[in-house]
Structures are given as structure tokens and as C-alpha cells.
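Within every chain, numbering begins at 1; the chains are lettered A, B, ... in the order of the sequence lines, protein sequences first and strands thereafter.
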Amino acid sequence: AQSVDQPDAHVTLSEGASLELRCSYSYSAAPYLFWYVQYPGQSLQFLLKYITGDTVVKGTKGFEAEFRKSNSSFNLKKSPAHWSDSAKYFCALEGLGYGNEKITFGAGTKLTIKP
Amino acid sequence: AQTIHQWPVAEIKAVGSPLSLGCTIKGKSSPNLYWYWQATGGTLQQLFYSITVGQVESVVQLNLSASRPKDDQFILSTEKLLLSHSGFYLCAWSLKDTQYFGPGTRLLVL
């Protein structure tokens with residue numbers, strides 16, 4: 001079984017602050033991990049992924065994430081945050097089962113950046 | 001460049017009526033295709049995936065079915081809608097590991 005936990009349903013920060021959105025996962029093997037962003041009323045956009053190799057991965061829009069096997073986490077970071085980063089962020093895990101098709105999403109974290 | 005199109009953009013349907021949602025991907029050959037459902041304000045639930053024409057695997061049972069009649073087309077359907085089917089339906093494609101999402105279809109069942 002595989003699962004993804006995003007413990008913070010809402011995060012509010014001031015513009016210019018550093019943001020870190022938490023994500024932890026449970027999976028019996030090495031996972032593929034992803035972050036996606038969803039702006040209000042829109043679909044999902046890919047931000048970044050961890051497959052293997054360097055544990056700090058950089059993505060679009062100035063985001064990066066760090067994979068930590070020791071505590072099964074894949075936290076998303078950005079500094080400084082901008083008001084346009086306000087959106088809902090989803091962490092996802094792709095299990096290495098048959099054909100790598102099973103994807104599990106976390107509940108999401110709604111990020112609000114105050115100008 | 002690849003494009004993903006979903007239709008319709010939005011639907012309002014009655015309980016018990018049939019539904020058909022479509023998704024087409026242009027610019028990619030033999031992609032993996034996926035259907036997701038998102039309740040308002042909720043997370044994404046993977047419904048189906050397909051790695052080749054004519055083959056569809058179900059991930060959860062929600063009284064929905066899916067078909068892949070062509071390499072670039074993925075259809076989601078049901079003969080009888082339930083109130084619980086309301087939400088946002090997203091189609092996605094991938095070739096290797098990263099999924100790319102379509103614009104989605106909003107469905108309201110009354």
C-alpha cells in the first residue's frame with residue numbers, strides 16, 4: 001500500500017517570507033515523488049519531481065524540494081515567497097508497481113501569501 | 001508540441017442520466033492516459049489508467065467506466081449518474097514518469 005500525507009491543510013505567510021510545505025509518504029520501495037500546483041478554478045501544473053540521484057530537486061517557478069529517505073519526507077520550499085504563489089499544492093507518489101501507473105495524491109495544502 | 005483537450009468544459013446533469021466525458025492528446029504517440037476525480041476543495045482520486053489502446057485498468061469503483069478507442073483518446077462514462085459523481089474530472093497523460101493534466105471538466109449532478 002502507498003500513502004501520502006500533507007499535514008497542513010492551510011498555510012498563510014507574508015510576501016517575502018520563506019515557505020516550506022510538508023509532505024511525508026509511506027511506500028515499501030523507492031518512490032517517485034512529485035509536486036503539483038493548482039490555482040483556483042484551474043487544473044494541475046507540474047512543479048518538480050524526484051526519481052533518483054540528487055536529493056534536492058529544482059523545479060519551475062523557483063521551487064525546490066528535498067527528498068529525505070530517513071524520515072520519508074519530500075518538502076517543498078521557496079524563498080522568498082510571492083503573492084502569486086497563492087494556490088493549492090499537492091504532493092504525489094508514483095508506486096513502482098505494474099507499469100508505474102498507480103498514483104496517490106496527498107490532500108493538498110492551500111497556501112495563502114499576504115502582500 | 002503536445003496538447004491535451006477535454007470536453008465538455010462543464011456539464012449539469014440529472015441524477016440517473018448518462019454521462020460521457022472525453023479527452024484527446026495530440027503530439028504524443030502511445031502515451032499512458034489517466035482519469036482523475038476531484039471533489040470540490042478535495043484531493044485527486046485516480047480512477048482509471050490505460051497504457052495502450054483497448055486496455056483500461058480500474059483503480060477505484062465509483063460506478064464509472066472508461067475506454068480507450070484510439071491511441072489519442074480516452075473516454076469516461078456511466079449509464080446512471082449519482083449525486084456523488086459531482087466534481088472536477090481531470091485527464092492526464094505521461095510517457096515516462098511525469099503526468100501532465102488537461103484543463104478538466106466540471107460536472108454538477110442535480
Verify same cluster id: A:Leu21, A:Leu13 (apolar side-chain graph, 4.5 Å)
yes
Does any N or O in the side chain of A:Lys102 come within less than 3.5 Å of the main-chain N or O of B:Val59, such that one atom is a donor and the other an acceptor?
no
Which pair of non-hydrogen atoms, one from B:Phe88 and one from A:Gln42, has the smallest distance, and what is that distance?
CE2-O, 3.6 Å
Please classify the contact of B:Gln38 with chain A as side chain, backbone, both or neither, using a heavy-atom distance under 4.5 Å.
side chain
Residue pair A:Ile103 / B:Tyr49, side-chain heavy-atom distance below 4.5 Å
no
Neighbour count above 12 (heavy atom, 6.0 Å) for A:Trp83 CH2:
no
Shortest non-hydrogen contact from B:Gln99 to A:Phe46?
O-CB, 4.4 Å
Taking atom NZ of A:Lys110 as the centre, report whether more than 12 heavy atoms of other residues, nucleotides or ligands fall under 6.0 Å from it.
no
A:Ser43 and B:Phe101: which non-hydrogen atoms are nearest, and at how many Å?
OG-CB, 3.4 Å
In this structure, are over 12 heavy atoms from other groups packed under 6.0 Å from B:Leu110 atom CG?
yes
Hphob cluster co-occupancy, B:Leu95 + B:Tyr36, side-chain heavy atoms under 4.5 angstrom
yes
Can you tell me how far apart CD1 (A:Ile51) and OG1 (B:Thr98) are? Round to the nearest 0.5 Å.
6.0 Å
Has A:Glu15 got more than 12 heavy atoms of other residues, nucleotides or ligands less than 6.0 Å from its CD?
yes
Smallest separation among heavy atoms of B:Thr43 and A:Phe105, with atom names
OG1-CB, 3.6 Å
Side chain / backbone / both / neither for B:Leu90 at chain A, heavy atoms under 4.5 Å:
side chain
Mind checking whether B:Phe74 and B:Leu19 sit in one hydrophobic cluster, side chains of I, L, V, M, F, W, Y counted as touching below 4.5 Å?
yes
Need one label for A:Gln38: side chain, backbone, both or neither, based on atoms under 4.5 Å from any heavy atom in chain B.
side chain
